[in-house]
2 protein chains.
Amino acid sequence: MNRDTASARPADPAESRPSRATVGRLSLYLRQLEGILGQGTLKVSSRQLGQAIGITDVQVRKDITYLGNLGQPGIGYPTRDLIAAIRRVLCIDREWAVALVGVGNLARALLRYKGFLQRGFRIVALFDADPSKVGERVEGLEVHPPEKMREVIAATKAELGLLAVPSDSAQAVADSLVNAGVRGLVNFAPVVLRLPAHVSLVAVDLTVQLEQLAFQVQHTDVD
Amino acid sequence: MNRDTASARPADPAESRPSRATVGRLSLYLRQLEGILGQGTLKVSSRQLGQAIGITDVQVRKDITYLGNLGQPGIGYPTRDLIAAIRRVLCIDREWAVALVGVGNLARALLRYKGFLQRGFRIVALFDADPSKVGERVEGLEVHPPEKMREVIAATKAELGLLAVPSDSAQAVADSLVNAGVRGLVNFAPVVLRLPAHVSLVAVDLTVQLEQLAFQVQHTDVD
DNA sequence: CTTTGTGAATTGGTTCACAGCT
DNA sequence: AGCTGTGAACCAATTCACAAAG
């Protein structure tokens, strides 16, 4: 049996960090769990969770191991505790201020989507290089010119950035955001960004995704 | 429909399929290569390609292995041939007809993006359940009601689907698309879809991505 | 019975080291 | 010299098999 150092918080430096893949699944568990808790279900099994997102129960348990020891053999996991533990590990047990650059259709879609705020991500600043958009109010936020980036990001304490600009300007805008103090960003433009090592990057590249899909489709046996 | 252009390649039975990860990188190579060829550069080395997208030259060569033997020691790869080979392996050496469901801001962003067509993906049909949108023309395409899905998808020969609808309706719309004969789809809604095995799925889940980013940011050492 | 937890085995992917070609 | 191709080694991630607990 594993020596359990603490009841509440492992905070074990020796304990390995969840892998990238595990982090992704923890997000998915969290969403399922919120639904499950909303239905008043207080206990949940790894099998339940696994079936909900289409993976095995063993995988679920392995992932949950990173959260500490909160399973009850023969019973399952307390829904509420699981949620809290996942939020803590994912670092979304607090609010993240987010800057959004490029106020086009994609940005409007992102602004409308209420799921972000619900999960701790608040869009606090908008930027666009187009003078005709500057000053406009979108979803209650004023659009600022790029020149004010440093100032506004400092004032709003934005730590993350969403890049919804055309490919040509993506690298320059990314540089500005990093310069203004942003620590991580999501790039929607289909270009590879070069960033300093201390800035995290997630690329959402729809071209790549569509090509993945085409490949998959072509290689799935037609029943 | 599926014809093996076997001019250059000896049918290699032992040759394994490129992994998911490799397929993703091939997309990235392709984009770089198109730029490189546009500059008139006819030969490219694995080191060049690797630096362009931030990975090692060995990784690039390993990936390119799946395309067959087209490197020239001491020289590099012929840009044009590499492009052709990647397009063939990714199955984008032809045009894919794509249906788009849910004509909101995200859909408009997708429609405006010209990169898809350039890479062989043509959006040929729009659907929306909102009667006020049905009949409207967006980027030259008429918005159809869901009832006409089967008919329109058959007529347009759409094989792929983009789901840009709210979470509540995502599963139902996915079922309809599958029923109408679509063979793969990209889901932008933050829900896990259940699909028959013969239908491919790519999930673009922004909530998960943002949570990944938050986690990364929190775990990168501040210089 | 049900369920969790986990070492061991396995599969998958990347990096290393070096042979061979230009 | 520079570059490709690839077995081997290494690392990461998943699955297996089973012990232990409610």
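Since this is a predicted model, take the numbers as computed values, not measurements. Chain A is the first sequence line, chain B the second, and so forth, proteins listed ahead of strands; every chain is numbered from 1.
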Minimum-distance nucleotide to [X] side chain [options: [options]]:
X	options	result
A:Ile75	D:dT6, C:dT6, D:dG22	D:dG22
A:Thr56	D:dG2, D:dT15, C:dG5	D:dT15
B:Ser19	D:dT14, C:dG5, C:dG13	C:dG13
A:Ala21	D:dG22, D:dT14, C:dT14	D:dT14
B:Val58	C:dA17, C:dG5, D:dT15	C:dA17

Between [N] ([atom2]) and [X] ([atom1]): distance, integer Å:
X	N	atom1	atom2	result
B:Arg17	C:dG13	CZ	C1'	18 Å
A:Gln51	C:dT2	CD	P	14 Å
B:Arg20	C:dG13	CZ	P	10 Å
B:Asp57	D:dT6	CG	P	16 Å
B:Arg61	C:dG20	CZ	C1'	13 Å
A:Leu82	C:dT4	CG	P	10 Å
B:Leu70	D:dT4	CG	P	11 Å
A:Ile64	C:dT4	CD1	C1'	10 Å

Practice item. Could you tell me whether A:Ser46 contacts a base, only the sugar-phosphate backbone, or nothing, with contacts defined as non-hydrogen atoms closer than 4.0 Å? Key: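 It contacts sugar-phosphate atoms only.
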
Review point. Is B:Gly74 touching bases, backbone alone, or none of the nucleic acid, heavy atoms closer than 4.0 Å?
Key: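 Result for B:Gly74 = base.
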
Practice item. Would you indicate, yes or no, if D:dT15 has its OP1 or OP2 atom less than 4.0 angstrom from a side-chain nitrogen or oxygen of A:Gln59? Key: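 Yes, such a contact exists.
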
Review point. So, is B:Tyr66 close to the D:dG5 phosphate, meaning a side-chain N or O under 4.0 Å from OP1 or OP2?
Key: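 Looking at the OP1 and OP2 atoms of D:dG5, neither is under 4.0 Å from any side-chain N or O of B:Tyr66.
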
Exercise for review: Select from B:Gly71 and A:Asp63 the residue whose nearest nucleotide in DNA chain D is closer to the 5' end of that strand.
Suggested key: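 Comparing both residues, the 5'-ward one is B:Gly71.
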
Review point. Is any side-chain heavy atom of A:Leu28 closer than 4.5 Å to a side-chain heavy atom of A:Arg31?
Key: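 A side-chain contact under 4.5 Å exists here.
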
Of all the heavy-atom pairs spanning [X] and [Y], show the shortest one and how long it is.
X	Y	value
B:Leu67	B:Arg88	O-NH2, 4.2 Å
A:Ala125	A:Thr156	CB-OG1, 4.3 Å
A:Leu210	B:Phe121	O-CZ, 3.5 Å

Check your understanding: For residues B:Gln209 and B:Asp205, is any side-chain donor paired with an opposing acceptor at under 3.5 Å?
Key ->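 No, B:Asp205 and B:Gln209 have no side-chain donor paired with an acceptor closer than 3.5 Å.
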
Check your understanding: Does any donor-acceptor pair link the side chain of B:Lys62 with the base of D:dT6 at a separation under 3.5 Å?
Key ->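 Answer no: no donor N or O sits under 3.5 Å from an acceptor.
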
